[in-house]
Each structure stands twice: as structure tokens, then as C-alpha cells.
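Residue numbers begin at 1 in each chain, while the letters A, B, ... track the order of the sequences. Computed from a predicted model, the values in this text were never measured in an experiment. Values reported hereafter were calculated over all heavy atoms of this structure, with side chains retained and with hydrogens, waters and symmetry mates removed.
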Protein chains: 2
Amino acid sequence: MKLQLQIKMNEALFLRNPEGSELGKNIIKHSIQLIYKNGFEAFTFKKLAEDIGTTEAGVYRYFENKHKLLIYLTSWYWGWVEFQISFHTNNIKDPVVKLKRVIKLLAATIEDDKQTSYVNESLLHQIVIAEGSKAYLTKQVGEDNKQQFFKPYKDLCAVIGNIILECSPKYKYPKSLASTIIEMAHYQNFFMYNLPSLTDFGKTKEETEIIAFLNDLVFSGIKKS
Amino acid sequence: MKLQLQIKMNEALFLRNPEGSELGKNIIKHSIQLIYKNGFEAFTFKKLAEDIGTTEAGVYRYFENKHKLLIYLTSWYWGWVEFQISFHTNNIKDPVVKLKRVIKLLAATIEDDKQTSYVNESLLHQIVIAEGSKAYLTKQVGEDNKQQFFKPYKDLCAVIGNIILECSPKYKYPKSLASTIIEMAHYQNFFMYNLPSLTDFGKTKEETEIIAFLNDLVFSGIKKS
DNA sequence: TTGATAAAGATAGTATTACTATCACAAATA
DNA sequence: TATTTGTGATAGTAATACTATCTTTATCAA
């Protein structure tokens, strides 16, 4: 039996559902490759179309603009991470163990998930690290938020916040700590490779050190209260 | 006597020093206003030139492109913050008090500094919150870093890292904690106003709560070791 | 006072980007 | 068989991100 993991996407993000056709899946697949390779600023629908072997207009039939495509990709990623978390923390009773598992999932390199043929999670993870913030650091963030574009990110944050509360029911900042963990799992990774003196891991460049830092930060922070 | 605060800028950031002429100062002043108002994506040298009353070519004589201008502005800001910190923590012996002061300076709203006529620090603070990461989240980050464009940010991070070590000499992650404080002081602010469910301050929208969160995070985190 | 130099203004031009529009064709569907 | 739907092909436009050139103006030195 072949199980296919399907992540439910916000329909306002696209004009035509990319999951429903070969061209659509190619748009997702090749946009991940191109953004990973050249960065989001240099990424255009024209280059994407050439890469796929279709025309610019073809891409525009699926996505209004590259900003919505970026939100689509990051949303997909957060949805996928939430699934990974619920999958890998299933059956774990101890919330501390659970939270440590979450930190590891967020900060460790991701192996490509064979269940999702057209999405390379490993590349997508790198894209979310380097470009993910650009999805919300815009003037339209308010309107995008009204359309629920950031729901997957917020849901993930809520899930992690609840685990934090399980660990420490009186802790006052579960959601802020959750968003701090998520952001820092990614930023410390970006810094480690690109601006190493902003971290303590420049020498070794080991993701395990980021995990250790976050564990230390989180569990000392929580224990106090 | 009128003291003029001068922040030494990396000369590779500009073609002509904007501090040396009226037009240059106008470029800085109006770019801050325009980026604040419309965001960095919508900001163009053409609009800036119209705003100032000069021509596009005039702006290009000072800055190669808008990315370098953004790095210039954020660098200026980090330099200014480092000065504020050294000024406001001067004479403080207790490193814990010092670090708390630092957190407050990073997370609290900034009043416009009258010493710097053409820079509105209050607006610049908002720009750094919403656009600052875009200065380094690029494919050129490596080359920009080689040219020392991020030195002011790194210097600030080092200063804060050292205060952390004064508080807790055995703490293993002073630089990562420093960059976490800096980034989160800004991100929690952005989230609070734009994606409030990622924080615990959505109701009150009080910066004092961000400060309390960071104090809690930092001092519980350090005490353990 | 002249003459040189440097900054600024004015204008033009180009390649690329970010779209929108239209028409034709092929496959699926009713 | 007729019709809808997705795709391909082509064209066109306004804006963006520059580069180039030429003129004017201000400054400063001989």
C-alpha cells in the first residue's frame, strides 16, 4: 500500500491548485530548486517557466505572483513540520522529552521525505531558513494574515506552546517562547553558516550544538517558574 | 557647545559619503521616511529622487543600489545602538543590571535623538524591525560579510556576549544568546503588532512585556550553569 | 580674474521584471 | 458531437534597475 501525505492548503494562495496537475507539481518542484539555487530576489516566473519548459503565462495561471508562491511553500513546510511533530511525538508521555524532540525536529537537517514526490523537503527547509521571514516581513502582512495565510505557522506555534505548558503549567510566555524556538532554530543555523561570529558554533558548524543551545535556553528558562 | 554624534561607516557601502552634503543627508532622511511608509520592496530610487526633488541619477551617485542603502541604514542603526548601550551602561558595575539595561534599550521604543538631525531613530528602529533581516538574508551575504558590511551588528553582538559572560562566566553560548536577544527583541515586537498569536502580548501590546519575557528567558537560562 | 575641478541637474536609453490579454489547439467530459 | 478546460504561443505594457552623457553651477586655487 502506498500512502500519500496530503497537506491541506489555503485555497486563496493559488488560482489553480498546483497539486491537481503535472504542470502544477512541476511549478512547486522547480520553484523550490530555483529559489534554493538563486535566492528569492533573483527568482522570477519567467526563469521558472523556462526551467519547467512552459511559458510565463502558464505559471501565472497557478499563482498570482511570487510572493503568494513563497507563502504557499512556507505554509506547506510548516504544515509538514507539524505533521512530523505529531508523528514523532506520538506515544511520548513526558512533555520534556516531547519538547526536546520538537527542538531536534526544528533544528536538525531534514532528509528528503519520499512520501511527497514533488517536494524536496531538504531544499525546502533551507529555503524556509533563508527566505521564510520574507513571507511575513511585508507591508501586506495584515491583509495576508486576515486571509489566514499564516495559519500553519501559527498552528505549529500553538502546538509547541501547549507542550511548553505541559512542561511548566505556570510559565507565562508559552507562545513567545514557541516562536523564539522556531525562529532561532532557523536563524542560528543561518548565522552559523553565513555570519558565524553571531553564534558559538562557527568552528564546528554542528547542528547538534544549536539543539544543545536551544535545550539549555528552554529548560533553564522554564524551570525557574 | 553642540556635540555632533558621528558614526563611522564602512566606505564600501557608498559611492559618495552621504554625510558630506545636503543631498546626501536628504537621501538618508527621505529613504528612512519612504521605507518606513511603503516598505523596502516598494521603495525605489526613482520615488526617493522625486521625494527629495532630485533625479534618479543623483541618488545613484551616492549608492550603488537599494540593497547597499539598506545595509547602510541598518549598520548606522547598530552603531547607534552600541553607542547608546555604552552610554547608558557606563558606570554600572553589576553586569546583571547592565544586561537588563541592554534588553530594555533593544526592546523599548526609541525616542528621536536630537543629536542626529537627518536620522529619525524612531522610524529607523521600525525599519530595522521590519526590514533589517533582509540586509543579510540574501545570496550575497558571504561577499557582503567579506567586505565587513555586518561588522556593526557583530560588534554589538560581541558587546552583549561579553556582558553575558560577566554575568555568568561559565555560560556556554554567550554569542548565540546575544543574537537571540537582539533578534527576539525585534521579532516579538513585529509579531505582537502583526501576528499577535505568535506571542503572549497580543492583548496588551506592551513593550514592557517583551522586556519581561526576555529578562525571564535570559536570566533563568544563565542561572542554571 | 581666470581656470580647473567636482557636485548636481537634465535628459535619454536599455534590459529586465511583473504582469495582462488574446488566440489557437488538444484532451477530457457531457 | 459539442463543449468545457488546461495549456502553448505570442504580444504588449508599465515599472524597475540601472548606465551614459551633457550641461550648469558652485568652489577653490593660481
*If a protein heavy atom is under 4.0 Å from the base, mark B; if only from the sugar-phosphate, S; if neither, -; do that for nucleotides 13-27 of chain D going 5' to 3'.*
---SBBBBB------
*Could you run through nucleotides 25-30 of chain C and give me one letter per nucleotide, 5' to 3': B if any protein heavy atom sits under 4.0 Å from the base, S if only the sugar-phosphate is that close, - if neither?*
------
Under a 4.5 Å cut-off applied to non-hydrogen side-chain atoms, are [X] and [Y] in contact?
| X | Y | value |
| --- | --- | --- |
| B:E82 | B:Y77 | no |
| B:H88 | B:L105 | yes |
| B:I164 | B:I181 | yes |

*Counting only heavy atoms not in B:K29, do more than 12 sit closer than 6.0 Å to its NZ atom?*
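Result for NZ/B:K29: open.
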*Within the pair A:T54 and D:dG8, is there a side-chain N or O less than 4.0 Å away from OP1 or OP2?*
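Answer is yes, contact under 4.0 Å.
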_Under 4.0 Å from OP1 or OP2 of C:dA8: is there any side-chain N or O of B:Y62 that close?_
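Yes, B:Y62 has a side-chain N/O under 4.0 Å of OP1/OP2 on C:dA8.
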*asked:* Does anything in residues 16-26 of chain A come within less than 4.0 Å of DNA chain D? Heavy atoms only, and list the residues if so.
replied: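 The answer is A:R16, A:S21, A:L23.
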*asked:* Give the residues of residues 134-142 of chain B touching DNA chain D, defined as any heavy atom closer than 4.0 Å, sorted by residue number.
replied: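 Within this stretch, nothing sits under 4.0 Å of the strand.
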_Under a 3.5 Å threshold, yes or no: a donor from one side chain and an acceptor from the other, between B:S122 and B:E111?_
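B:E111 and B:S122 do not have a side-chain donor-acceptor pair below 3.5 Å.
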*Pull out every residue in residues 30-37 of chain B that has a heavy atom closer than 4.0 Å to any atom of DNA chain C, ordered by number, or say none.*
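None - not one residue of the stretch has a heavy atom sitting under 4.0 Å from the strand.
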*Could you state the NZ-C1' distance from A:K68 to C:dA18, rounded to the nearest angstrom?*
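Answer to the nearest Å: 15 Å.
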*Atom CG of A:L70 to atom C1' of C:dA18: distance rounded to whole Å?*
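So the CG-C1' distance, A:L70 to C:dA18, works out to 16 Å.
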_Partners meeting side chain to side chain donor-acceptor pair (under 3.5 Å) with B:K205 (sequence neighbours left out)_ =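 Residues passing side chain to side chain donor-acceptor pair (under 3.5 Å) with B:K205: none at all.
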_side chain to side chain donor-acceptor pair (under 3.5 Å) against B:K154, all qualifying residues, sequence neighbours excluded_ =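 Counting only residues at least two positions away or on another chain, B:K154 forms a side chain to side chain donor-acceptor pair (under 3.5 Å) with B:N145.
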*Sub-6.0 Å ring centroid separation between A:Y187 and B:Y187*: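 Yes, ring centres under 6.0 Å apart.
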_Sequence-distant partners of B:E121, salt bridge (Lys or Arg N to Asp or Glu O under 4.0 Å), two or more places apart_ =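 B:E121 satisfies salt bridge (Lys or Arg N to Asp or Glu O under 4.0 Å) with no residue once adjacent residues are dropped.
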*Checking B:K66 against B:F40: charged group under 6.0 Å from the ring centre and within 45 degrees of the axis?*
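Yes, B:K66 lies over the aromatic ring of B:F40.
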*Is the cationic atom of B:K139 (NZ for Lys, CZ for Arg) positioned less than 6.0 Å from the six-membered ring centroid of A:Y36 and within 45 degrees of its normal?*
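Pair B:K139/A:Y36 counts as cation-pi.
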Could you pull out all residues at least two apart from [X] that satisfy ring-ring contact (aromatic ring centres under 6.0 Å, His included)?
| X | value |
| --- | --- |
| B:F43 | none |
| B:H186 | B:W78, B:H125 |
| A:F63 | A:Y72 |
| B:Y62 | none |

